[in-house]
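Worksheet: one structure, shown below.
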Amino acid sequence: MKNAFTPLISTLAVSMALSSGMAYAADYTLRLSHTGAPGHHYQTITEQFADEIAEKTNGAVEIQIFPADQLGNQLESVEGTMIGTLEMTLASDTVLSNWVPDMGALNLPFLFADMDEYLEVVEGPVGEMLSEKVEQQGAVILGWWGNGMRHVTNSVRPINHPEDLKGLKIRVPEGKVFVDTFNTLGAGATVMSFGELYSALQLGVVDGQENPPAHILTQNFNEVQDYVSRTGHIHMGSPLIMSAYLFNSMPEDIQKTLLEVGHEYNRKHIDLIAELEAQQWQLVEERGMKINDVDKAEFRKAVQPVYDDAKGRFSPEILNQLTQ
């Protein structure tokens, strides 16, 4: 079946003849955008996903990967997926909160002790409720993939206690919870796109940023930052989303395969991140950054005002599920 969704999908030309007869190109050619560098685990996991989808659909679906915001920054890519000008995006829950505010509840500081806790939540009732809300905005969540726990880097001093953040300008992604968290801790939260971050650090526009070790390495932040403090303050999830219009136009067997494989990769991605991080922390240190760990209890107590504010901002049903 050829895809009727012509504004997005163009069929490929006929391939070379095989010994068994003529083999035709994919019925669906989908572009998948993500923000990670080519060496980031986003590229690894999306390539694996694309290969498995091609295999399980007998070549009917080809997924082409575009890393490093080649098709636009994450906000633009998510918007494109919502309105149907882009097929797929490996998004973030914080960017999705621009369309579904309750997604921001997943970013509450120190909500998850680790990525396993995150996965347990998004594969349960909370994930189901949020998926329905996202679909109402034009996208289907194929999988709840990961990013890793986020940690603070800066070029001024190690962050051992909450008061060490006072006066530092810290870049954060879009999302009120991120801004509120760092402002509450005394830092100056500065929202800017990820693509602008290296230059901003280099020029001193901001003093620091917060991300998992994979981004610290693949973006070479060690060249412009001296300290990394393992705060593990927020986990940002990476839902894989697809245009709902396109998804609903596909045959049921392809829809089922996309959802099944996408869900299967929830665990695969989390495990890949965990496997890589031990090596990544070693590389961060080898590249000259000074690493310290913090007493998270101090920080958790300091961000209580963020939770107080959350009671009036997020769905009580979702918030209760997350904080009970």
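The figures here come from the full heavy-atom set of this structure, side chains too, leaving out hydrogens, waters and symmetry mates.
- If you run side chain to side chain contact (heavy atoms under 4.5 Å, CB included) between I318 and each of T323, L106, V121, D102, only D102 comes through.
- Other residues, nucleotides and ligands contribute over 12 non-hydrogen atoms within 6.0 Å of the CD atom of E117.
- The aromatic ring centroids of F49 and H269 lie 6.0 Å or more from each other.
- Considering CD1 of I270 and CD of E275, their distance stands at 13.0 Å, rounded to 0.5 Å.
- A pairwise comparison of heavy atoms in Q43 and A37 identifies CB-O, 4.1 Å as the closest pair.
- In the displayed structure, E252 atom CD is contacted under 6.0 Å by at most 12 heavy atoms of other residues, nucleotides or ligands.
- A donor-acceptor pair under 3.5 Å is absent between the side-chain atoms of D27 and the main chain of A60, judged by distance alone.
- With a 4.5 Å cut-off on side-chain heavy atoms, L96 and P239 count as touching.
- The CG atom of D180 lies 10.0 Å from the CG atom of L108; values are rounded to the nearest 0.5 Å.
- Between E52 and Y265, the side chains place a donor N or O and an acceptor N or O closer than 3.5 Å (distance only, hydrogens not considered).
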Worked check of side-chain contact (heavy atoms from CB on, under 4.5 Å) between L185 and H233: CA-CA 11 Å; L185 290 170; H233 51 279; over 6 Å; no
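- The distance from atom CG of L201 to atom NZ of K169, rounded to the nearest 0.5 Å, is 11.0 Å.
- Within the 4.5 Å cutoff, no side-chain heavy atoms of F194 are placed close to those of Q74.
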Please step through side-chain contact (heavy atoms from CB on, under 4.5 Å) for the pair L168 and I159, ending with a clear verdict. CA-CA 10 Å; L168 297 183; I159 307 302; 3.8 Å; yes
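- Between H215 and G36, the shortest heavy-atom contact is CE1-CA, 4.4 Å.
- Within a 6.0 Å sphere centred on CD of E285, heavy atoms belonging to other residues, nucleotides or ligands number 12 at most.
- Between V177 and G104, the shortest heavy-atom contact is CG2-O, 3.5 Å.
- Checked by atom type, the side-chain pair D226/S155 shows no donor-acceptor distance below 3.5 Å.
- In terms of modelled atom types and a separation under 3.5 Å, the side chain of R150 and the main chain of M236 share no donor-acceptor contact.
- Note on V191: it clusters hydrophobically with M103, by side-chain heavy-atom contacts below 4.5 Å among ILVMFWY residues.
- With N154 contributing its side chain and R157 its backbone, the two residues share a donor-acceptor pair below 3.5 Å.
- For the residue pair T57 and T257, no side-chain donor N or O sits within less than 3.5 Å of a side-chain acceptor on the partner.
- Side chains of L322 and F314 form no contact here, defined as non-hydrogen atoms less than 4.5 Å apart.
- A distance-only check finds a donor-acceptor pair linking the side chain of Q255 to the backbone of M250 [under 3.5 Å].
- Atoms OH and CD1, from Y42 and I273 in turn, are 7.0 Å apart once rounded to the nearest 0.5 Å.
- Between L259 and L142 there is a side-chain heavy-atom pair separated by less than 4.5 Å.
- Counting heavy atoms from C-beta on, the side chains of L246 and M88 never come closer than 4.5 Å.
- V228 and V156 fall into different hydrophobic clusters, where Ile, Leu, Val, Met, Phe, Trp and Tyr are joined by side-chain heavy atoms under 4.5 Å apart, directly or via other members.
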Given Q219 and N211, is the side-chain contact (heavy atoms from CB on, under 4.5 Å) satisfied, shown in steps? CA-CA 11 Å; Q219 300 299 317; N211 261 300; over 6 Å; no
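- What you find for T46 and H34 is that their closest heavy atoms are OG1-CD2, 3.9 Å.
- Residue pairs that meet the ring-ring contact (aromatic ring centres under 6.0 Å, His included) test with at least one member in residues 83-131, sequence neighbours left out, are F112-Y118, Y118-H235.
- Counting only heavy atoms from C-beta outward, the side chains of M242 and L30 approach each other to under 4.5 Å.
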Steps toward side-chain contact (heavy atoms from CB on, under 4.5 Å) verdict (M289, I216): CA-CA 10 Å; M289 295 189 78; I216 295 171; 3.8 Å; yes
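- Following chains of ILVMFWY side-chain contacts shorter than 4.5 Å, one can reach V100 starting from W144, so the two form part of one hydrophobic cluster.
- Of all the heavy atoms in L86 and S77, the pair that sits closest is CD2-O, 3.6 Å.
- Every side chain to side chain donor-acceptor pair (under 3.5 Å) that E264 has, sequence neighbours left out, goes to K268.
- When only modelled atom types and interatomic distance are considered, E317 and Q321 share no side-chain donor-acceptor pair under 3.5 Å.
- Between H151 and W281, the distance from one ring center to the other falls under 6.0 angstrom.
- In this structure, the separation between OG1 on T89 and CG on L32 is 7.0 Å, given to the nearest 0.5 Å.
- Formation of a donor-acceptor pair under 3.5 Å by the E47 side chain with backbone atoms of T44 is not found in this model.
- By the 4.5 Å heavy-atom criterion applied to side chains, I45 and Q48 are counted as neighbours.
- Of the possible donor and acceptor atoms, none in the side chain of Q280 sits under 3.5 Å from a partner among the backbone N and O of L217.
- Rounded to the nearest 0.5 Å, atoms CD (E87) and OH (Y245) are 13.5 Å apart.
- Looking at R313 and K176, their side chains come closer than 4.5 Å, going by heavy atoms from C-beta outward.
- V205 and V172 are members of different hydrophobic clusters when ILVMFWY side chains are connected at heavy-atom separations under 4.5 Å.
- In terms of heavy-atom proximity, A91 sits nearest to V78 at CB-CG2, 3.6 Å.
- The number of heavy atoms from other shown groups lying within 6.0 Å of CD (E55) does not exceed 12.
- Between the D164 side chain and the H161 main chain, a donor and an acceptor come within less than 3.5 Å of each other.
- Between the side chain of N98 and the backbone N or O of V95, at least one donor-acceptor pair lies under 3.5 Å.
- Using a cutoff of 4.0 Å between basic side-chain nitrogens and carboxylate oxygens, R267 and D116 are scored as salt-bridged.
- Side-chain atoms of Q70 come within 3.5 Å of backbone atoms of P67 as a donor-acceptor pair (strictly under, hydrogens ignored).
- Side-chain contact of E223 with Y198: a donor-acceptor pair under 3.5 Å is present, judged by distance alone.
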